[in-house]
**Student:** 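Have a look at the structure that comes next, please.
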Protein chains: 2
Amino acid sequence: MGLIFSRQCEYALQALLYLALKPNGQMTSIKELTKRLNIPYHFLAKILQDLAHKELLHSLKGPTGGFSLGMPAQDITLFHVVEAVDGIGFTNSCVLGFKECSERNPCAVHEKWGSIRESVYDMLVSKNIAQMAREMKKPEYKPPFE
Amino acid sequence: MGLIFSRQCEYALQALLYLALKPNGQMTSIKELTKRLNIPYHFLAKILQDLAHKELLHSLKGPTGGFSLGMPAQDITLFHVVEAVDGIGFTNSCVLGFKECSERNPCAVHEKWGSIRESVYDMLVSKNIAQMAREMKKPEYKPPFE
DNA sequence: CTTATTTCAGAGTATTTAGTCTTAATTGGT
DNA sequence: ACCAATTAAGACTAAATACTCTGAAATAAG
């Protein structure tokens, strides 16, 4: 049912966005994240663990421990996250599910879908989470983590 | 993993397209369909059964029985099929998974995604399976059912 | 050194989606 | 009437995804 991205990926994006709003290097606990983002505790823990392995996050144990971004927020695009969590199979698969779909051998919506796919790709690479976090700070935006 | 549509939906689309190439009212057996489309027999049987319940297909038992389109091919759009099989949740859900995402309270990619979603919708309603089937008949197009 | 707090790791459960199997019902042809 | 071919139906298994639980390891603070 998840539209394009898995729920896991959505949660990852939400968490990274939340962390991007924090002062540089400040650690944030899973507890705080799940409380604000309304994501199941242990599930989020798994996801963050995974993101740490993939170096998108830095983690520290013990009291005062938690997670922080593994690199500058402006260097992390939506694409990075999606790639890390869901993979990028969508960039070359046929909407109708035909295995043999290609330029030479297109399905009936091959071209139309091609341009839509480009738009999606553009959206993913043109947005970094620093920008996005800033936009979400605007007063008229009531963030999901409130 | 399924890009946008479930595998079930992809199979349904492929089957309907195949049937749209058949002379009006001619019955086609599951056996023929699975052979040509390379879809697991019993799974396709379930899917077709379901499409028959939803009146997109007409079915007949017995020898010479099988399935045929439940209405003229030019009246069936991609949207009809997707709606029947997967539902149309994608028309109003947030890419980032925020529940509260709306015009008043947009996420950081709300507008960009909005226009992409419109393109997808356009693609789905502008194509009927008669057209699509015709395009697939072109000699340079090697259909998936060969 | 002890303790409280936190992530880490791995096993376990639940739900959904994908796919299978078996038996019954229908129907055309002989 | 009979037979063979076909869909109908429902229970079943498999795999993927979503989510939970428990115990261990790290570490900051007293």
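Every chain is numbered from 1, with letters handed out A, B, ... down the list of sequences. Remember, predicted model here, so these are calculated numbers, not experimental data.
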**Student:** Could you say whether B:H42 or A:L44 is positioned toward the 5' end of DNA chain D, judged by the nucleotide with the nearest heavy atom to each?
**Tutor:**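 It is B:H42, whose closest nucleotide lies nearer the 5' terminus.
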
**Student:** C:dG19 phosphate, OP1 or OP2: any side-chain N/O from B:R7 under 4.0 angstrom?
**Tutor:**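 For B:R7, the contact criterion (side-chain N or O under 4.0 Å from OP1 or OP2 of C:dG19) is met.
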
**Student:** Looking at A:K61, I'd like to know whether one of its side-chain N or O atoms comes within less than 4.0 Å of OP1 or OP2 on C:dC8.
**Tutor:**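 Checking A:K61 against C:dC8: no side-chain N or O falls below 4.0 Å of OP1 or OP2.
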
**Student:** What is the distance, rounded to the nearest whole Å, between atom CE of B:M27 and atom C1' of C:dG28?
**Tutor:**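 Between C1' of C:dG28 and CE of B:M27: 13 Å.
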
**Student:** With ring centroids as reference points, do B:F90 and B:Y121 lie under 6.0 angstrom apart?
**Tutor:**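 Here the rings of B:Y121 and B:F90 have centres that are no less than 6.0 Å from each other.
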
**Student:** Quickly work out the B:F43 CZ to C:dT22 P distance and round it to whole Å.
**Tutor:**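 Value for this atom pair: 19 Å.
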
**Student:** Look at the side chain of A:Q8 and decide which nucleotide, out of D:dA18, C:dA18, D:dT20, has an atom nearest to it.
**Tutor:**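 Between D:dA18, C:dA18, D:dT20, the one nearest the side chain of A:Q8 would be D:dA18.
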
**Student:** Could you tell me which residues satisfy side chain to side chain donor-acceptor pair (under 3.5 Å) with B:K31, sequence neighbours excluded, listed by chain and number?
**Tutor:**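 If we apply the side chain to side chain donor-acceptor pair (under 3.5 Å) test to B:K31, skipping adjacent residues, there are no hits.
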
**Student:** Tell me: CD of B:Q49 to C1' of D:dG10, nearest whole Å?
**Tutor:**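 Between C1' of D:dG10 and CD of B:Q49: 9 Å.
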
**Student:** Under 4.0 Å from OP1 or OP2 of C:dC8: is there any side-chain N or O of A:S59 that close?
**Tutor:**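 Answer is yes, contact under 4.0 Å.
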
**Student:** Base, sugar-phosphate, or nothing: which does A:I30 touch, judged by heavy atoms less than 4.0 Å apart?
**Tutor:**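 Since only primed, P, OP1 and OP2 atoms lie under 4.0 Å of A:I30, the category is sugar-phosphate.
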
**Student:** Could you tell me how far apart B:H58 (NE2) and D:dT7 (C1') are, to the nearest whole angstrom?
**Tutor:**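 So the two atoms are 12 Å apart, to the nearest Å.
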
**Student:** Whole angstroms only, please: what is the NZ-C1' distance between B:K35 and D:dA5?
**Tutor:**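 Nearest whole value for this atom pair: 15 Å.
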
**Student:** Send over the distance from A:L60 CG to C:dT5 C1', rounded to a whole Å.
**Tutor:**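 Answer to the nearest Å: 12 Å.
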
**Student:** Using a 4.5 Å cut-off on heavy atoms from C-beta on, say whether the side chain of B:S6 contacts that of B:Y11.
**Tutor:**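 No - every pair of side-chain heavy atoms lies 4.5 Å or more apart.
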
**Student:** Which atoms of nucleotides 11-15 of chain D (N or O only) lie under 3.5 Å from a protein N or O atom, and what are those distances?
**Tutor:**
none

**Student:** Without decimals, in angstroms, what is the distance between A:D50 CG and C:dT7 C1'?
**Tutor:**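 Whole-Å distance recorded here is 14 Å.
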
**Student:** Determine, for B:K54 against B:E83, whether the closest basic-nitrogen to carboxylate-oxygen distance falls under 4.0 angstrom.
**Tutor:**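 Looking at B:E83 together with B:K54, the answer is no, because their closest N to O distance does not fall below 4.0 Å.
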
**Student:** Within the structure shown, what part of the strands sits under 4.0 Å from A:L48 by heavy-atom distance: base, sugar-phosphate, or nothing?
**Tutor:**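 Nothing, no heavy atom under 4.0 Å.
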
**Student:** If the condition is side chain to side chain donor-acceptor pair (under 3.5 Å), which residues does A:T77 pass it with, not counting sequence neighbours?
**Tutor:**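 A:H80.
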
**Student:** Below 4.0 angstrom from OP1 or OP2 of C:dG19, is there any side-chain N or O of B:Y11?
**Tutor:**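 For C:dG19, OP1/OP2 do have a side-chain N/O of B:Y11 under 4.0 Å.
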
**Student:** Within the 4.0 Å heavy-atom criterion, would you say B:H53 contacts the bases, only the backbone, or no part of the nucleic acid?
**Tutor:**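 Sugar-phosphate only.
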
**Student:** Assess the residue pair B:K46 and B:D50 against the criterion (salt bridge (charged side-chain N to carboxylate O under 4.0 Å, His left out)); give the C-alpha distance rounded to whole Å, side-chain angles, the decisive distance to 0.1 Å, and a yes or no.
**Tutor:** CA-CA 6 Å; B:K46 278 277 168 231; B:D50 192 47; over 6 Å; no

**Student:** Quick check for you: to the nearest 0.5 Å, what is the distance between A:L16 atom CG and A:I47 atom CD1?
**Tutor:**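 Answer rounded to 0.5 Å: 10.5 Å.
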
**Student:** Expressed as a whole number of angstroms, how long is the span from A:Y41:OH to C:dC8:P?
**Tutor:**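 Taking OH of A:Y41 and P of C:dC8, I get 11 Å after rounding.
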
